[in-house]
Amino acid sequence: MMETHSTGIKSEAEIGGVRGLLRHVYRSVIRHGYPDTPRNRSLVIISNLFLHIHSVRVHKNSLRAGYTLGLGVLSFVFFIILAVTGVILMVYYIPSPDQAYDRIKDLEFVIPGGRLIRNLHRWSAHGMVAVVILHMARVFYTGSYKNGREFNWVVGIVLLVLTLGLSYSGYLLPWDQLAFWAVTIGANIAASPVELTDALGITEYADIGGMTKRLLLGGNEVGADALIRFYVLHCVVLPLAAAVGIGVHFWRIRKDGGLSRPGEKAHGHNGEAP
Amino acid sequence: MSVAVKPEIRRERAFTEPKTYGLMALARGKTAAVDKGPEDTVPTWPTVMILEITLLMGAMAAMMILSLLFDAPLKEIANPAVPENPAKAPWYFLGLQELVGYSALMGGMIIPLIVLIGLALIPYLDRESKGIGQWFSGSTGKRVTLRTAVFSFVLSAGLVALTVNFGWLRSWFPEINQLVIIAINPGTVLVVGVVLWSLLVVRQTKSRRMGAIAVFTFFLVSFVVLTWVATFYRGPNWDFYWSSSQWPGGH
Ligand code: HEM
């Protein structure tokens with residue numbers, strides 16, 4: 001028998017020459033043999049930062065297409081498509097009322113592939129909202145918010161709000177009529193507590209609506225300040241928050257013992273029997 | 001049970017079933033359990049990877065085709081002096097916009113807040129542990145879903161039909177105080193409707209899970225109905241038109 005390294009292969013240092021060097025380099029990155037044994041298949045997952053989000057083995061029910069409908073993964077896929085196309089759009093976009101619209105026109109008519117990237121970003125944004133809502137419905141109707149998954153459901157609701165916020169804040173950026181008036185509606189909704197304070201005759205003293213509207217827009221109208229605020233929300237604050245939230249969401253799935261399945265044993269918190 | 005468990009072990013078990021597999025399973029050589037994973041499991045590699053990559057490529061291909069066929073909208077440059085009419089929010093907010101006409105406060109802030117808090121509280125209101133991992137938690141759930149869907153469709157579509165044909169409080173009593181409309185409008189009627197309906201379901205089925213199914217289905221169906229109406233049947237001044245070809249002003 002050969003001496004085995006901790007990764008299950010012959011120690012590279014023992015092989016000389018160029019071939020040995022190349023093997024050494026390869027093995028320093030891919031630290032396992034060909035994944036055709038249970039051991040190496042496990043190592044693929046646990047020795048890779050991106051894959052170790054998965055457990056090494058997964059319950060068959062979690063793979064049933066008719067169970068998850070792939071919707072959670074699709075939500076994440078859309079998030080990734082949006083992040084990549086969004087960064088490309090950022091390279092050309094300038095968040096100022098003087099330039100934003102022209103930059104979008106450039107993307108549409110001048111920059112090679114610009115229109116495709118913008119289309120991808122726009123349609124994927126709609127897709128993500130739809131898929132996240134459907135994912136929530138799948139989780140709900142399969143009763144997957146129970147048995148230790150209560151908190152992950154709440155994390156999901158936060159992700160839903162972030163998804164809607166991302167989509168909505170992006171709506172203003174092209175600075176066209178559609179953007180301007182849709183966001184004006186939103187801002188008027190933010191100002192709507194004046195309905196109550198007006199009816200009570202106390203707007204003068206406690207203008208809650210006006211305050212929230214000014215907080216959102218940085219002024220009383222949708223203008224340059226509003227555009228910058230929406231830009232920062234759309235390109236920095238909300239994507240970061242969503243990325244962190246998705247991380248928590250995935251981590252909790254692992255902590256909650258993988259996906260829900262029929263006939264799973266009820267288990268309470270802290271290992272206590274319910 | 002009075003088995004003494006060391007505290008570390010108990011903590012490790014939090015939220016998960018004790019697993020009978022782990023890296024210990026990775027011994028050299030074959031065992032009698034080859035190809036039949038413990039607890040009905042399969043190795044993540046390659047099955048899950050293949051599924052995930054398929055979803056990734058499928059979604060990318062679909063978006064690519066959509067993007068080659070249809071261009072994202074871009075209207076004239078923003079002009080504060082020329083209001084869009086109708087000015088519509090993106091589709092997922094149109095259901096709310098349908099309610100905002102009566103009261104922006106109730107339709108645009110309070111009801112969304114109620115919906116969000118209600119959704120977040122679902123796992124804490126329904127704490128039954130039956131029916132996990134099963135679509136609709138069984139046949140009763142399917143029946144509740146179906147009946148709730150019919151009821152909420154009739155109620156939400158009926159409210160729209162009522163207001164389109166006969167208006168609402170302000171058209172009947174022009175002098176009415178806005179506080180009354182904030183309190184009583186199609187949005188709040190829907191909220192009261194879902195509360196009463198789900199209480200009824202809980203009483204009849206003696207199950208909170210069924211109550212939760214009633215609430216969620218109600219929310220989903222009225223969301224779809226209102227979004228549909230606002231997307232396809234609302235024109236200038238938020239008036240009702242069966243088709244945008246009937247809009248005045250040659251749109
Ligand atoms: C950005 C949005 C979201 C992403 C990327 C995401 C991603 C995922 C993924 C990949 C899974 C694995 C199972 C599956 O594919 O269905 C999952 C499960 C889950 N998600 Fe989400 N999700 C999102 C939003 C939500 C929302 C809005 C909710 C509910 C309000 C939610 C609640 C849950 C729960 C409770 C599970 C565990 C399901 C089970 O154990 O069967 N998630 N999510």
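On a predicted model such as this, the values are computed, not experimentally measured, just so you know. What you see below is based on every heavy atom in this structure, not just the backbone, and it leaves out hydrogens, waters and symmetry mates. Lettering of chains follows the sequences in order, A, B, ..., and the numbering in each one begins at 1.
- In this structure, chain B has heavy atoms under 4.5 Å from both the backbone and the side chain of A:Trp175.
- Contact annotation for B:Leu220: only side-chain heavy atoms (C-beta onward) come within less than 4.5 Å of a heavy atom of chain A.
- With a 4.5 Å cut-off on non-hydrogen atoms, A:Val161 touches chain B through its side chain but not through its backbone.
- Heavy-atom distances place no part of A:Ala65 under 4.5 Å from chain B, backbone and side chain included.
- Ring pair A:Tyr141/B:Phe216 is perpendicular by interplanar angle, where above 60° counts as perpendicular and below 30° as parallel.
- Only the side chain of B:Phe93 comes within contact range of chain A, judged by heavy atoms closer than 4.5 Å.
- Contact annotation for B:Asn177: only side-chain heavy atoms (C-beta onward) come within less than 4.5 Å of a heavy atom of chain A.
- Proximity to chain A is limited to the side chain of B:Gln97, based on heavy atoms less than 4.5 angstrom apart.
- When heavy atoms are compared at a cutoff of 4.5 Å, B:Thr54 does not approach chain A at all.
- Contact detail for A:Ala190 and B:Met109: the closest heavy-atom pair is O-CE, 4.0 Å.
- Of the atoms belonging to B:Ala212, heavy atoms from both backbone and side chain fall under 4.5 Å from chain A.
- For B:Met64, the parts lying near chain A are the backbone and the side chain together; criterion is any non-hydrogen pair under 4.5 Å.
- Of the atoms belonging to A:Leu63, heavy atoms from both backbone and side chain fall under 4.5 Å from chain B.
- For the pair B:Arg127 and A:Tyr145, the cation does not sit on the ring face, since its NZ or CZ is not both under 6.0 Å from the ring centre and inside 45° of the axis.
- Here A:Ile189 contributes atom CD1 and B:Leu96 contributes atom CG; the two are 7.0 Å apart, rounded to the nearest 0.5 Å.
- Only the backbone of B:Gln134 comes within less than 4.5 Å of a heavy atom in chain A; its side chain stays farther off.
- Contacts between A:Ile81 and chain B at a heavy-atom distance below 4.5 Å involve the side chain alone, from C-beta outward.
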Please test B:Met106 against A:Glu195 for side chain to side chain contact (heavy atoms under 4.5 Å, CB included), starting from the C-alpha separation and ending with a verdict. CA-CA 10 Å; B:Met106 188 50 84; A:Glu195 258 180 65; over 6 Å; no
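- Interface residue B:Leu51: only side-chain heavy atoms are found under 4.5 Å from chain A.
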Kindly determine whether A:Gln177 and B:Glu76 satisfy side chain to side chain donor-acceptor pair (under 3.5 Å), including the steps that lead there. CA-CA 6 Å; A:Gln177 282 286 72; B:Glu76 310 81 57; 4.8 Å; no
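- Both the backbone and the side chain of A:Leu120 come within contact range of chain B, judged by heavy atoms closer than 4.5 Å.
- Contact annotation for A:Leu51: only side-chain heavy atoms (C-beta onward) come within less than 4.5 Å of a heavy atom of chain B.
- A donor-acceptor pair is defined here as one N or O able to donate and one able to accept, closer than 3.5 Å; no such pair exists between the side chain of B:Trp45 and the backbone of A:Arg57.
- Rounded to the nearest 0.5 Å, atoms CG (B:Leu66) and CG (A:Asn119) are 8.5 Å apart.
- Only the side chain of B:Thr145 comes within contact range of chain A, with at least one heavy atom under 4.5 Å from a heavy atom of that chain.
- Only the side chain of B:Tyr92 comes within less than 4.5 Å of a heavy atom in chain A; its backbone stays farther off.
- Within 6.0 Å of CZ in B:Arg208 there are 12 or fewer heavy atoms belonging to other residues, nucleotides or ligands.
- Ranking A:Glu221, A:Glu108, A:Met136 against chain B, the residue ahead of the rest is A:Met136, based on heavy-atom pairs under 4.5 Å.
- Between A:His126 and B:Trp91, the ring-plane angle classifies as tilted under the 30° and 60° cut-offs.
- Residue with the most contacts toward chain A among B:Ala78, B:Pro43, B:Gly108: B:Ala78 (heavy-atom pairs, distance under 4.5 Å).
- Nearest heavy atom pair, residue B:Lys88 against residue A:Ala182, reads O-CB, 3.8 Å.
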